Every structure is written in structure tokens, then in C-alpha cells.
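Every value quoted in this text rests on a predicted model; they were computed, and no experiment measured them.
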Amino acid sequence: PPPRGGPPRPGRAPPRDGLWGGGAGGPQPQPPPRGAPPPPTPPPLVSIVIANYQLGQYAGEAIASALAQTHPAVEVIVVDDGSSDDSLERIRATPGFLAGKVQLISQANAGVARARNAGAAAARGQYLVFLDADDLLEPTYVERCLAALQAAPSSVAYAYAQMRYFGAAEGIYRSKP
């Protein structure tokens, strides 16, 4: 037989070591042709951290609104801050959790700031969005905030939007610049 890596003998298959484009890894990828545009950059991952304390009745809707974002790369992390209601059961029963799209962190009650910090520590995203379990995001929220950040000078570190309140009263809370 020829030395390993040498040309195959007539009538014989090339060695299965990848040197001839076969082998365990299959055909080797070819570099793009000269002058070809570079492959598209994947969208940045955005981590949506949902803080929950005794809000199990609303958490499912908050999770659904986070998963319904038009931005294609989001991860959802729910931090339960020691709830004694049925929050954990309700969160675990959501379609997003059952589908493996929601990470759940359960901690002893330490307050909303520590719950958010726990979520931020677990986040893998380039950007963070904080959401309370009784609040909802519009489907384009992440997309619009990212567009605003990307259009802003590099000194801008965060973006937020107007708030629409709902329930017993409805309206828009307009924050001051």
C-alpha cells in the first residue's frame, strides 16, 4: 500500500483520514472564492432576565412576550426570588419552559436587585433586558432597542422605551429625557 497520505492506488478508495476530502468528518469545507462577500455576521444574542417574586399568575405571559421577540437571537432566564406561591409550578408548566427555551433559577428571597444580578450572571448575551414577571414586552422591543443602540454614539450604554400600563387603568407612561 502507498504511504499514508499518498495518492491512492488505482481501483482503491482513498484513505478515510480526511486528507482526500472524505473520512469521518466528511468533505472538508472550501474557502470562499476570492472576492466573495464575507459570511453574514450572526445577530447578537440578547438575554432577557425576568425577575419573579409571588407573580406566578402573570409569569407565563411575561415569558411568552419574551419568547415572541422579532429579534432572532434571545435567551430567556427567569429568576424566582423565593416565591411561596405557585410561581415555580406555573413557570415550569409554560410552553417555553417545557420546550427548553427558558432557563429557571430559583433562589432564596434576596430582593429584586439580587434576582436580576443572578440572571445577569447566568446570561450569555451581549445585551441584557430586565423584565418583571408582571410586565410584558412588545414583540419588536428588542429589535427596536438594538437598532437605537447601534445608531447611537459609542458612549451610549443602554436603551429603553415608553411604558404602556394596563389592567385597572390603561395608558402610556412617558418618561422624561
Side-chain angles (χ1 to χ4, degrees), residues 24-26 29 38-168 170-173 175:
T41 304
L45 179 63
V46 176
S47 301
I48 302 175
V49 176
I50 301 174
N52 179 74
Y53 178 70
Q54 310 287 57
L55 295 170
Q57 64 201 30
Y58 306 111
E61 289 180 82
I63 291 167
S65 77
L67 291 172
Q69 293 301 298
T70 56
H71 181 71
V74 297
E75 71 172 348
V76 178
I77 302 165
V78 179
V79 181
D80 183 75
D81 191 37
S83 296
S84 60
D85 66 356
D86 60 351
S87 288
L88 289 173
E89 293 79 16
R90 286 180 182 246
I91 293 165
R92 289 184 179 122
T94 62
F97 183 83
L98 294 171
K101 296 179 181 177
V102 175
Q103 178 183 351
L104 176 60
I105 299 170
S106 181
Q107 66 181 31
N109 183 254
V112 69
R114 288 202 177 158
R116 289 180 180 147
N117 286 341
R124 297 176 298 123
Q126 183 178 348
Y127 297 94
L128 290 170
V129 171
F130 294 109
L131 182 66
D132 292 334
D134 60 345
D135 292 332
L136 304 173
L137 294 175
E138 292 289 334
T140 58
Y141 180 81
V142 168
E143 182 180 345
R144 293 174 74 186
C145 283
L146 283 177
L149 283 170
Q150 290 165 350
S154 61
S155 60
V156 174
Y158 66 94
Y160 63 95
Q162 302 292 342
M163 294 180 280
R164 180 169 49 96
Y165 52 95
F166 54 92
E170 296 194 17
I172 295 190
Y173 174 80
S175 54

Pairs under 3.5 angstrom only: tabulate donor-acceptor contacts from the side chains of residues 72-84 to other protein residues two or more places apart or in another chain.
residue	atom	partner	partner atom	Å
Glu75	OE1	Arg124	NE	3.2
Glu75	OE1	Arg124	NH2	3.3
Glu75	OE2	Ser47	OG	2.4
Glu75	OE2	Arg124	N	2.6
Asp80	OD1	Asn52	ND2	2.6
Asp80	OD1	Ser83	OG	2.7
Asp80	OD2	Gly82	N	3.4
Asp80	OD2	Ser83	N	3.0
Asp81	OD1	Gln107	NE2	2.9
Asp81	OD1	Ala110	N	2.8
Asp81	OD2	Asn109	ND2	3.0
Asp81	OD2	Ala110	N	3.4
Asp81	OD2	Gly111	N	2.8
Ser83	OG	Asn52	ND2	3.3
Ser83	OG	Gln54	N	2.7
Ser84	OG	Gln54	NE2	3.0

Distance-only donor-acceptor hits, side chain of residues 126-150, under 3.5 Å, sequence neighbours excluded:
residue	atom	partner	partner atom	Å
Asp132	OD1	Arg116	NH2	2.7
Glu138	OE2	Arg164	NH2	2.4
Glu143	OE1	Thr70	OG1	2.3

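The side chain to side chain donor-acceptor pair (under 3.5 Å) analysis of residues 88-106, with sequence neighbours excluded, yields the pairs Asp86-Arg90.
Taking every heavy atom of both residues into account, Val112 and Ala51 meet most closely at CG2-CB, 3.9 Å. The two atoms that bring Ile91 and Ala59 nearest to each other are CG1-CB, 3.9 Å, heavy atoms only.
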Trace of the side chain to side chain contact (heavy atoms under 4.5 Å, CB included) decision for Phe97 with Leu104: CA-CA 8 Å; Phe97 183 83; Leu104 176 60; 3.8 Å; yes

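Side-chain contact between Gln69 and Val46 is absent, with no heavy-atom pair separated by less than 4.5 Å.
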